[in-house]
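This report concerns only the one structure given below.
Worth knowing before you read on, the calculation uses all heavy atoms, side chains too, and leaves out hydrogens, waters and symmetry mates. Just so we're on the same page: letters track the sequence lines, and every chain starts at 1.
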2 protein chains.
Amino acid sequence: MTSADYAEGISSTPRAKRGPSKKGEAARRELLAAAEKCLRKYGYGGISTRQVAMVADAPMSQIHYHFGSKQGLLLALFEDLNSRLLHRQTLMFASDLPLWRQWELACDYLDEDLASGYVRILNELAAAGWSDREIGDAVRKAVSGWKHLLTNVARRAEERFGGFGPLDPEDVAALVSSVFLGAEMNILSGHENPDVPVRRALRRFGALIRQFEENAAKGE
Amino acid sequence: MTSADYAEGISSTPRAKRGPSKKGEAARRELLAAAEKCLRKYGYGGISTRQVAMVADAPMSQIHYHFGSKQGLLLALFEDLNSRLLHRQTLMFASDLPLWRQWELACDYLDEDLASGYVRILNELAAAGWSDREIGDAVRKAVSGWKHLLTNVARRAEERFGGFGPLDPEDVAALVSSVFLGAEMNILSGHENPDVPVRRALRRFGALIRQFEENAAKGE
DNA sequence: ATTTAATTCGGTCGATCGACCGATATTTTG
DNA sequence: CAAAATATCGGTCGATCGACCGAATTAAAT
């Protein structure tokens, strides 16, 4: 057998299946951390299982044992990263801060994620997903998660202070998701090119939300 | 000599430098077209000079002769594509159509570019540019071109019907550029996932612009 | 026409990659 | 303590890649 998490089919034979041991889990995490480091350094196209194994100080065969293949490793890494980010963002939006404050916090997170390299990894995997069916499915699932989160936020905002003209909550969510995604790409592509003031524009848009929000509060 | 476009240094020796011949130019275009086709099929990470040469029905050595290296080929391809798109968009915005019509046309172009595969290629090269200095520089230069175009449009709009609150033209350009860039990524990542209505949202935002624009016209 | 540059061509080289195997060691279960 | 499942290890294999070379061919300029 090559990997621990293969066929979970109906066990007609009462074999004594056993889960991964503590050491196994630890090694798995070690490899994921190493892969993340390599992905930051070399990008999705440049990453190699040899480099990952080198950084993790383990033989290459560990990767194939724990993840089945190079792609399995990258897929596991992506799902790990995305669930972390989505969870954090969900917590933030669940707070009862005013909307403009939540927008500001989202801007803070954007800076954080850019500095840590997360955004770049997510974008690179998205690009890879256009050529690779399995990665593409994973990315689509992730995007869907973000979309649901933002749609809920937009729905709550609509209840609190009326609609957005011709835009319904799904539209607002799509636009907001797009503007942040695009902002991240803009910043990443031109990080030494200060004449595309994306951050400033996002912050000022937050100020716009604040005006609108506080006027609506007075109106009640 | 390996390539025709190397040292253009001061020719102290009156050597009879000669430009590329007609056949040379034709071969160059042939290779670029083949590279574009391969990039669509295999993505930036999966492309190989062998495949490109195969599609162009030419030996690999042609690529290195005309472009110096694989990277040289991809760089030339990127600049070719980008200049085509930027030129088209510049012409469109130079028309004296009302702003909301120009926005609608931009939406049409977006659909066009997505269908033709252009957007995907540009995004993949942007991702590659994060790991590769030279490609990164090319992408930055391209982004800068788009930014100038959009800033000019925003400036004209500001003159026509007042400012955008706390947002100055640079901010508007940054936001618009971001929202289209992000929309393209959203659509590409989830083209079989119809529950992220990016296109509809962009069109409806165009309707919003129209309301604003026509109200401003009445006010004068 | 002759000379010189530009171009085409087939073939090869070293490097790197992901996958895989068999043997061994470790842990967990009965 | 066994016996079974899980985990680790070093090493090798075939495939593919980009780059490069020298010789032959074609086109352009004098």
* Measure from the side-chain heavy atoms of Ala27(A) and tell me the nearest of dT8(D), dG18(C), dT8(C). =>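 Within the option list, the nearest is dT8(D).
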
* 5' priority, DNA chain D, between Ser48(B) and Glu25(A) [closest heavy atom] ->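 This one resolves to Glu25(A).
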
Rounded distance in Å - [atom1] ([X]) to [atom2] ([N]):
X        : N       : atom1 : atom2 : answer
Ile47(A) : dT16(C) : CD1   : P     : 17 Å
Tyr42(B) : dG18(D) : OH    : C1'   : 17 Å
Tyr65(A) : dA25(C) : OH    : C1'   : 12 Å
Leu73(B) : dA19(D) : CG    : P     : 10 Å
Leu74(B) : dC17(D) : CG    : P     : 14 Å
Arg28(A) : dT6(D)  : CZ    : P     : 15 Å
Ile63(B) : dG10(C) : CD1   : P     : 14 Å
Lys70(B) : dG18(D) : NZ    : C1'   : 8 Å

Would [X] and [Y] pass as an ion pair if we require N to O under 4.0 Å?
X         : Y         : result
Arg133(B) : Asp137(B) : yes
Arg203(B) : Asp108(B) : yes
Glu104(A) : Arg101(A) : yes
Arg88(A)  : Asp113(A) : yes

Short side-chain N/O contact to [N] OP1/OP2 from [X], under 4.0 Å:
X        : N       : answer
His64(A) : dA19(C) : yes
His66(B) : dT8(C)  : yes
Gln62(B) : dT7(C)  : no

* Asked: Between residues 53-61 of chain A and DNA chain C, which residues have a heavy-atom gap below 4.0 Å?
  ->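 Met60(A), Ser61(A), in order of number.
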
* **Distance-minimising heavy-atom pair for Gly182(A) and Leu181(B)** =>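 Residues Gly182(A) and Leu181(B), closest heavy atoms: O-CD2, 3.9 Å.
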
* To do: For residues Phe180(A) and Trp103(A), establish whether the separation of their ring centroids is below 6.0 Å.
  =>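 Between Phe180(A) and Trp103(A), the centre distance is under 6.0 Å.
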
* Asked: Does Tyr42(B) have any side-chain contact (heavy atoms from CB on, under 4.5 Å) partners at least two apart in sequence or in another chain, and if so, which?
  ->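 Tyr42(B) satisfies side-chain contact (heavy atoms from CB on, under 4.5 Å) with Cys38(B), Gln51(B) only.
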
